[in-house]
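Lettering of chains follows the sequences in order, A, B, ..., and the numbering in each one begins at 1. All values below were derived from every heavy atom in this structure, side-chain atoms included, with hydrogens, water molecules and symmetry-related copies excluded.
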Number of protein chains: 2
Amino acid sequence: MSDIRVLLVDDHPVVRAGLRAMLADFPGVTVVAEAANGDAALVELSRLQTLGEPVDLVLMDLQMGSGMDGVTATEKIKAGEGGNPPPPVLILTTYDTDADILAAVEAGASGYMLKDAPPDQIRQAVLSAAAGQTALAPEVAARLMGRIRNPSPALSGREVQLLELLATGMSNRAMAKQLFISEATVKTHLVHIYSKLGVDNRTAAIAVATQRRIIRGH
Amino acid sequence: MSDIRVLLVDDHPVVRAGLRAMLADFPGVTVVAEAANGDAALVELSRLQTLGEPVDLVLMDLQMGSGMDGVTATEKIKAGEGGNPPPPVLILTTYDTDADILAAVEAGASGYMLKDAPPDQIRQAVLSAAAGQTALAPEVAARLMGRIRNPSPALSGREVQLLELLATGMSNRAMAKQLFISEATVKTHLVHIYSKLGVDNRTAAIAVATQRRIIRGH
DNA sequence: CCGGCGATCATCCAAATGGTTGATTCCCGC
DNA sequence: GCGGGAATCAACCATTTGGATGATCGCCGG
């Protein structure tokens with residue numbers, strides 16, 4: 001059986017070097033190309049396919065300093081824009097906020113690992129994802145489990161989106177413009193968010209959402 | 001002349017592997033130890049010194065998932081807690097926010113590089129820092145310049161205190177009670193805070209203050 | 001095919017927040 | 001001792017937010 005052919009996507013040369021070194025120690029895995037962002041990744045994907053050297057797995061960061069972000073790139077890859085058939089996408093990133101995980105999974109990612117994971121965990125994830133299985137970091141899996149077991153009122157995708165804008169300090173009007181909806185709708189969403197989070201104003205909502213890692217607090 | 005002896009400090013195994021691989025390509029540089037956080041770094045430093053194998057340079061991330069953060073670790077290293085004489089500390093991190101840079105420089109860091117820097121830039125920085133010189137990433141240098149030209153007004157202690165309560169989601173009335181002052185005073189403070197931070201509402205103030213690390217957002 | 005939920009919008013009203021002006025006290029530094 | 005900044009408070013007014021009610025539309029699952 002031939003090696004798993006991996007495409008690395010990360011905007012940090014240091015991280016790419018680390019993954020390259022790490023994957024070199026895994027038997028059965030070969031890094032065939034690298035890219036610094038989503039745009040470059042799509043280019044690499046189709047380039048490799050036209051060469052008859054398809055990629056078996058994309059290992060990608062979510063946050064990219066410049067160019068297309070990981071979620072968008074994942075969507076495009078899964079839509080077949082990088083050449084068919086689309087390879088599994090394994091997300092390897094720094095943060096484990098609900099919003100990030102949800103977005104990645106919805107975009108079609110096959111796995112979600114954290115960069116502080118030990119090499120062995122990363123190895124397992126790479127092999128699983130390449131084999132078409134789902135690979136979630138224990139922390140991530142636990143979070144999703146807790147979310148299912150706990151009837152903690154789940155925020156809808158739109159509500160999380162609102163929360164994220166909220167945390168940047170935008171007013172209702174600004175959010176309405178940004179999302180192309182009316183202020184009335186923004187207010188409706190906010191009321192729902194407040195009741196689900198058990199708070200009664202926007203700042204408290206941000207505090208709780210940040211604490212529960214629903215959104216990122218950096 | 002013997003090699004520059006480097007201690008790597010980063011909570012991500014992937015990043016450590018990347019730096020290790022990268023530094024291995026630099027002639028005259030040897031990685032003698034690694035640590036996942038500030039506490040471990042201090043232990044390593046004194047351990048190596050008692051072994052008569054002192055460290056010439058500490059290459060450290062600012063954000064560490066667990067344990068002592070980079071700024072605190074830098075302070076302690078410079079205070080001689082890792083064994084004397086304290087080695088130069090080169091910060092290699094992801095973010096270039098004003099507060100981060102300031103804090104690192106004030107803590108005594110000899111340099112501040114970004115992880116998305118090309119290997120060559122990192123190599124230069126390592127050599128400079130080990131030679132006792134200051135090494136700043138171009139982006140960072142530019143930012144510091146802009147900061148000196150355009151200094152932002154400092155918040156008073158009371159104002160920071162207000163901000164902290166604000167970030168927990170408290171209303172003006174609640175903060176007034178908590179601080180034993182009137183709502184009017186709370187509002188006055190808030191207005192001052194807004195103008196100093198260049199915002200016009202409380203959520204934006206929290207966003208800016210969190211980003212600048214005036215308050216902690218986690 | 002029907003019920004429920006998410007997303008959208010409207011209206012009305014009460015409460016909180018934001019902005020302004022002006023004033024007092026205290027303390028620090030020149 | 002005087003100027004200035006920090007901290008305190010008041011009164012007023014405009015704007016924003018919060019809360020309640022009700023409604024439409026589209027989609028998904030039983």
For B:R173, what residues pass the salt bridge (charged side-chain N to carboxylate O under 4.0 Å, His left out) criterion, not counting sequence neighbours?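 Scan of B:R173 (salt bridge (charged side-chain N to carboxylate O under 4.0 Å, His left out), adjacent residues dropped) gives B:E183.
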Sequence neighbours excluded, which residues qualify as side-chain contact (heavy atoms from CB on, under 4.5 Å) partners of [X]?
{"X": "A:T30", "answer": "A:D3, A:V32"}
{"X": "B:A131", "answer": "none"}
{"X": "B:V191", "answer": "none"}

Starting from the first five and the last five pairs of the helix from C:dC1-D:dG30 to C:dC30-D:dG1, work out the angle between the resulting helix axes, to 10 degrees.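 Both end axes considered, the difference amounts to 50°.
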DNA chain C-proximal residues of residues 182-194 of chain A, any heavy atom under 4.0 Å: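 A:S182, A:A184, A:T185, A:T188, A:H189, in order of number.
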Which residues within residues 202-209 of chain A lie with some heavy atom under 4.0 Å of an atom in DNA chain C?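 Under 4.0 Å from DNA chain C: no residue of residues 202-209 of chain A.
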Side-chain donor-acceptor distances from residues 12-19 of chain A under 3.5 Å, at least two apart:
residue: A:R16; atom: NE; partner: A:E34; partner atom: OE1; Å: 2.9
residue: A:R16; atom: NH1; partner: A:D10; partner atom: O; Å: 2.7

Review item, side-chain donor-acceptor pairs of residues 121-129 of chain A, under 3.5 Å, at least two apart:
residue: A:R123; atom: NH1; partner: A:D120; partner atom: OD1; Å: 2.8
residue: A:S128; atom: OG; partner: A:Q124; partner atom: O; Å: 3.0

Without placing hydrogens or testing angles, list every side-chain donor-acceptor pair under 3.5 Å for residues 175-182 of chain B, not counting sequence neighbours.
residue: B:S182; atom: OG; partner: B:A184; partner atom: N; Å: 3.3
residue: B:S182; atom: OG; partner: B:T185; partner atom: N; Å: 3.2
residue: B:S182; atom: OG; partner: B:T185; partner atom: OG1; Å: 3.1

Applying side-chain hydrogen bond (donor to acceptor under 3.5 Å, both in side chains), can you list everything that pairs with B:N37, at least two apart in sequence or on another chain?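 Residues passing side-chain hydrogen bond (donor to acceptor under 3.5 Å, both in side chains) with B:N37: none at all.
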Which residues in residues 168-176 of chain A have a heavy atom closer than 4.0 Å to any atom of DNA chain D?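 Nucleic-acid contacts, sorted: A:S171, A:N172, A:R173.
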